[in-house]
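Reading through the structure tokens given below for one structure.
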Amino acid sequence: MSLPTRIALGVALAGGAGAALTRRRATQPRSGPGHRTETEADYRTADHRVLILGGGFGGIATALELDRRLRDVPGTSVLIVDRDADLLYTPLLWTVADGRANPSHVVVPIRALQRGRSFHVLHADVTGIDLDAREVRTSAGSRPYDHLVIALGSLTAIPDLPGLRDRALRFATPSDALELRNHLIQAVEAAHGATDPAERDAYLTFVVGGGGDTGIELAATIHEYLTQGLLEEYPWLADAPLRIVVVGRADRLVPMSSPRTSDSVRRVLEEEGIEVLTGASIDGATETAVLTSKGEIPARTLFWAAGITAPEVVRSLPVEHARNGAVMVDDRLLLHDHPEVAVIGDCAWAFSADDGQPVPPTAQAAEHQGRYIGRAIAARIVDPASRPAPFRFKTKGRLALLGSGTGVAEVGGLTFSGLPAWALWHGYYLSRIPSWRNRLRLATDWLLAAVTGRETTQLRLNPPTALGQGADLAPAGKRDLAQGETTTQGQASAIG
Ligand SMILES: Cc1cc2nc3c(=O)[nH]c(=O)nc-3n(C[C@H](O)[C@H](O)[C@H](O)COP(=O)(O)OP(=O)(O)OC[C@H]3O[C@@H](n4cnc5c(N)ncnc54)[C@H](O)[C@@H]3O)c2cc1C
């Protein structure tokens, strides 16, 4: 890491710490008594039962807002149901994948956010929602509700095209971030062992499907991990041609942002040597090639970051859905025939009342929706006749991490790139992750990586996948995952 980048990292960390201090009141546990446990009977007999499905960005923001507004109003019980006990802070996952951060440092235990607050968590899988009976089925039994907030997020959608579901790798969780590193190590090892130059080049070619926010950061992360970490340890591959290609269907990258930002992103990626193929679709994949509408790319690796779908439990609701399975909501984020049910975050299809534009599937939007719906439910509990103003959302800005010491930022109508964008990215997200413990650990991880280098050990999460000549690069676990929509994880436990 160059000296200017190290100085920028120091400034970013200091900025992040300063910004975090100013928002401490909003995210840190209040001082005062610890969390009080609630039994199932307490929940069932409460006057107002607010059930929140999903403890991610939207669900947690809803619970925090309800706590702020209703903590002195007796008779209300707020219960989050989630299969995981933690909030995954996805924007920072890139620093796990690029070998600078420990995976557990981008995950915040929900119980840390519960301390001193009045909401509760049921650790269970949501298996069904009965809108007429006003009841949710979970792996820990059913729960009735008076107000329901569905915030179950989304899954990566891989289209049913030849070879795609078998071969495409996804990127959404800490284990995916570790798998990405493992996979790159395997690919480099296979390239090292290949005797045929064409085969070696195919092992060193990485295609990313999707030219949106995730696709561009994924391509840049692959490039950064290889050039700034892994390949330094394989000097005999120094002259081998490394090829990373981003394929986007739209005619420009990050089409939801301004054309100037799209141009900046393309310029930064191309300066790094990443190829950009826009206006192209991926039509399939074989063991040795990715098939695009603009020709075949000899490659052994395909990552998929083009599109999301709602979880099955949301898709199966008997209401109106968008094409990706998200639920269509009204201008107050409520179901048309069930005003006691709100749907927010990635699994909602909503529009902003300001400009009529669709609300994007981002953490920023999910948190905004969570605060809005928390306010609306609190107001309705205090005054049943209350009716909130329609939901409004305007993106605060966009930040993309595009490599070592570079990125692109779009803030307040301004677009800038390079080191300032990179520093802003680190400072902003460090200030936003809602835990001082995580902030300190991440800052230490990044500083240590700047001094001692990135993590390049291969930690196997699945049974070893043999990878020799012509072997399949997709780990077995991933191939299985690509077939279905959800995995079952998490055991039912008592209300905490
Ligand atoms: C790699 C990556 C990087 C990203 N970077 C950014 C970024 O920089 N900025 C940004 O704004 N957005 C970013 N996003 C998008 C952002 O993560 C999502 O938009 C956001 O998480 C959506 O919030 P949510 O509350 O709808 O869902 P989530 O935060 O995904 O929460 C859903 C919750 O529901 C739980 N759940 C799901 N199904 C069930 C079930 N059946 N039973 C029990 N629990 C269930 C899950 O465990 C999860 O906790 C990124 C996403 C990815 C994958």
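The structure displayed is predicted, hence computed values, not measured ones.
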> For the residue pair W446 and W425, does the interplanar ring angle fall in the parallel (under 30°), tilted (30 to 60°) or perpendicular (over 60°) class?
Replying inline: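 Taking W425 first and then W446, their aromatic rings sit tilted (interplane angle of 30° to 60°).
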>> Below 30° counts as parallel, above 60° as perpendicular, anything between as tilted: where do the rings of F391 and F393 land?
In response: parallel
Contact between [X] and [Y] at the side-chain level, heavy atoms closer than 4.5 Å - yes or no?
X: I52; Y: L66; answer: yes
X: Y428; Y: P91; answer: no
X: P241; Y: R200; answer: yes
X: R267; Y: S417; answer: yes

[X] side-chain N/O to [Y] backbone N/O, donor-acceptor pair under 3.5 Å:
X: D98; Y: E224; answer: no
X: W304; Y: A157; answer: yes
X: S352; Y: R392; answer: no
X: T406; Y: L402; answer: no

Can a donor-acceptor pair be found between the side chains of [X] and [Y] at a distance below 3.5 Å?
X: R181; Y: T457; value: no
X: H120; Y: S77; value: no
X: T261; Y: S264; value: no
X: T156; Y: R170; value: no
X: D445; Y: H105; value: yes
X: D67; Y: S118; value: yes
X: S154; Y: D346; value: yes
X: H192; Y: W236; value: yes
X: Y203; Y: E189; value: no

> Does CZ belonging to R260 count more than 12 external heavy atoms closer than 6.0 Å?
Replying inline: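 Check fails, neighbour count at 12 or below.
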> Taking everything shown except R249 itself, do over 12 heavy atoms lie less than 6.0 Å from its CZ?
Replying inline: no
>> Please determine whether side-chain contact (heavy atoms from CB on, under 4.5 Å) holds for the pair R111 and V121, giving the CA-CA distance in whole Å, both sets of side-chain angles, and the decisive distance to 0.1 Å.
In response: CA-CA 8 Å; R111 57 190 172 279; V121 179; over 6 Å; no
> Can you check side-chain hydrogen bond (donor to acceptor under 3.5 Å, both in side chains) on S139 and R83, steps first, answer last?
Replying inline: CA-CA 9 Å; S139 52; R83 58 160 69 111; over 6 Å; no
> What's the shortest heavy-atom distance between S257 and E410, and which atoms?
Replying inline: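 Between these two residues, the closest heavy atoms are CB-OE1, 3.4 Å.
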Taking only Lys NZ, Arg NE, NH1 and NH2, and the carboxylate oxygens of Asp or Glu, determine whether [X] and [Y] approach each other closer than 4.0 Å.
X: R432; Y: E367; value: yes
X: R243; Y: E275; value: yes
X: E65; Y: R68; value: yes
X: D354; Y: K394; value: no

>> Using 0.5 Å steps for rounding, measure from the CZ atom of F171 to the CD atom of E217.
In response: 9.5 Å
